[in-house]
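None of these values were measured; they are calculated from a predicted model. Within every chain, numbering begins at 1; the chains are lettered A, B, ... in the order of the sequence lines, protein sequences first and strands thereafter.
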There are 2 protein chains.
Amino acid sequence: MAKADTALVGALRERGLRMTAQRQLVLDAVRELDHATPEQIHAEVAGKAAGVNITTIYRTLDLLSELGLVTHTHLSHGAPTYHAAGVHPHLHFVCRDCETVTELPVETVQELAGKLREERGFDLDVEHLALFGQCGDCRGRA
Amino acid sequence: MAKADTALVGALRERGLRMTAQRQLVLDAVRELDHATPEQIHAEVAGKAAGVNITTIYRTLDLLSELGLVTHTHLSHGAPTYHAAGVHPHLHFVCRDCETVTELPVETVQELAGKLREERGFDLDVEHLALFGQCGDCRGRA
DNA sequence: TTCAATGCAAAGAATTTGCATACAT
DNA sequence: ATGTATGCAAATTCTTTGCATTGAA
């Protein structure tokens, strides 16, 4: 097993769960790839250790999400993309025409998040947020 | 065929496409159901006219989207939900814990939409927007 | 008459489940 | 030793595609 992750081991221990090579590999892959689909993560993990099943990728991503170590967002109709929680937090704008994905700073929705919190008691998951619409280039073309 | 829809017939004519009973039925179902998945729309349509295939539901929803008569949003990891465009426009907040979906007025993101437009040239698709996070009740429980 | 639209069946992508085995504790 | 975590295969869910037939214009 590669360099064991303190945060991971700690979060697992707290819940009586076990540290495994696969869990470390998946977390490493998410951190390295950024915006990766389960399949891309699988490919990355396979490069480090052969034989890790795609099922384990799915199960581990679910687990890491529950542990708060990774988050995911839906940038298309297809597979979700995962990234490490808290590392370079940002949100996305996806152009429905050219499908370009633009990263936006979390401050973009700070005012919205505050309003939701105060007026509705809602705690917005900023890192999960994907904004859809049309980018300037595509609007000019239309 | 039930009461033919002027907007639908017009949009179809403009593109040299044909008016069919199925297209009217799907549009009617979307208007009636609100937040319906393709499968729910299929069930609703089946109640009015037997034998309409699920494939036709998918093809028709795509078409109606292109015509600008319906929009869709992703409120869960599963199937998208469709609703009639421009009718009672709103956006959604989905609690990741209790999965409750709350409708929010479009004004909630008016300031955000303006900022994206001015600073980035992005035209936000407000009706497609789904905000995820935790509702007040669930936060209190945690 | 002509070709778009539909129905049907089969294929396809993404994900989940059941169960025996392997391995962290 | 104990039971969690994994691998494997099969099942599920959601959606798309190919092709012959139907039907709107």
Side-chain angles (χ1 to χ4, degrees), chain A residues 1-2 4-6 8-27 29 35-43 45-46 48-67 69-70 72-82, chain B residues 1-2 4-6 8-27 29 35-43 45-46 48-67 69-70 72-82:
Chain A
M1 188 186 317
D5 190 286
T6 317
L8 176 55
V9 176
L12 290 170
R13 285 259 169 79
E14 252 176 45
R15 309 196 177 201
L17 301 175
R18 296 172 183 176
M19 180 59 177
T20 65
Q22 288 89 334
R23 288 174 176 173
Q24 186 66 59
L25 286 164
V26 170
L27 181 54
H35 301 165
T37 63
E39 205 160 338
Q40 291 170 327
I41 292 164
H42 185 217
V45 167
K48 303 268 176 76
V52 177
N53 198 277
I54 184 77
T55 301
T56 300
I57 305 294
Y58 280 107
R59 286 193 280 230
T60 304
L61 287 172
D62 277 357
L63 174 65
L64 294 177
S65 296
E66 273 173 38
L67 297 180
L69 295 173
V70 309
H72 74 271
T73 187
H74 296 267
L75 300 183
S76 71
H77 289 191
T81 60
Y82 288 79
Chain B
M1 186 187 318
D5 191 285
T6 316
L8 176 55
V9 175
L12 289 170
R13 286 258 169 81
E14 252 176 45
R15 309 196 178 201
L17 301 175
R18 297 171 183 176
M19 181 59 177
T20 65
Q22 288 89 334
R23 288 175 175 172
Q24 187 65 60
L25 286 164
V26 170
L27 182 53
H35 301 163
T37 62
E39 205 160 338
Q40 290 169 327
I41 292 164
H42 184 217
V45 168
K48 302 269 175 75
V52 177
N53 197 277
I54 184 76
T55 301
T56 300
I57 304 295
Y58 280 106
R59 287 194 280 230
T60 304
L61 287 172
D62 278 356
L63 173 65
L64 295 177
S65 296
E66 273 174 38
L67 297 179
L69 295 173
V70 310
H72 74 271
T73 187
H74 296 267
L75 301 183
S76 71
H77 289 193
T81 60
Y82 288 80

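- Between B:Pro80 and A:Ala50, the residue anchored nearer the 5' end of DNA chain D, judged by the nucleotide with its closest heavy atom, is A:Ala50.
- With A:Ile41 as the partner, the side-chain contact (heavy atoms from CB on, under 4.5 Å) test is satisfied by one option alone out of A:Leu25, A:Thr81, A:Leu61: A:Leu61.
- Counting to the nearest Å, the C1' atom of C:dA14 and the NE2 atom of A:His72 are 14 Å from each other.
- Across the protein-nucleic acid pair, B:Glu14 atom CD and C:dA4 atom P stand 18 Å apart, rounded to whole Å.
- Counting to the nearest Å, the C1' atom of D:dA5 and the CD atom of A:Glu66 are 15 Å from each other.
- Closest-nucleotide positions on DNA chain C for B:His77 and B:Val52 were compared, and the one nearer the 5' end corresponds to B:Val52.
- Considering every non-hydrogen atom in both B:Arg18 and B:Leu12, the closest pair reads O-CD1, 3.5 Å.
- Going from atom CG of A:Leu12 over to atom C1' of D:dA5 covers 11 Å, rounded to whole Å.
- Per the geometry, CD1 belonging to A:Ile54 stands 13 Å off P belonging to D:dC8, to the nearest Å.
- Between the side chain of B:His42 and the backbone N or O of B:Val52 there is at least one donor-acceptor pair closer than 3.5 Å.
- When the P atom of D:dT4 is taken as reference, atom CZ of A:Arg13 falls 17 Å away, rounded to whole Å.
- Rounding to whole angstrom units, CD1 of residue A:Ile57 and P of C:dT17 are separated by 18 Å.
- Counting only heavy atoms from C-beta on, B:Thr56 has its side chain closest to C:dG7 among C:dG7, D:dA9, C:dA5.
- In this structure, the nucleotide among D:dC8, C:dG7, D:dA5 sitting nearest to the side chain of A:Leu17 is D:dA5.
- At least one side-chain heavy atom of B:His74 sits less than 4.5 Å from a side-chain heavy atom of A:His77.
- Using a 4.0 Å cut-off on heavy atoms, the residues of residues 58-65 of chain A that approach DNA chain D are A:Arg59, listed by number.
- The distance between atom CG of A:Asn53 and atom C1' of C:dA22, rounded to the nearest whole Å, is 14 Å.
- With distances taken from any side-chain atom of B:Arg18 to the nucleotides D:dT6, C:dA9, D:dA24, the minimum falls on D:dA24.
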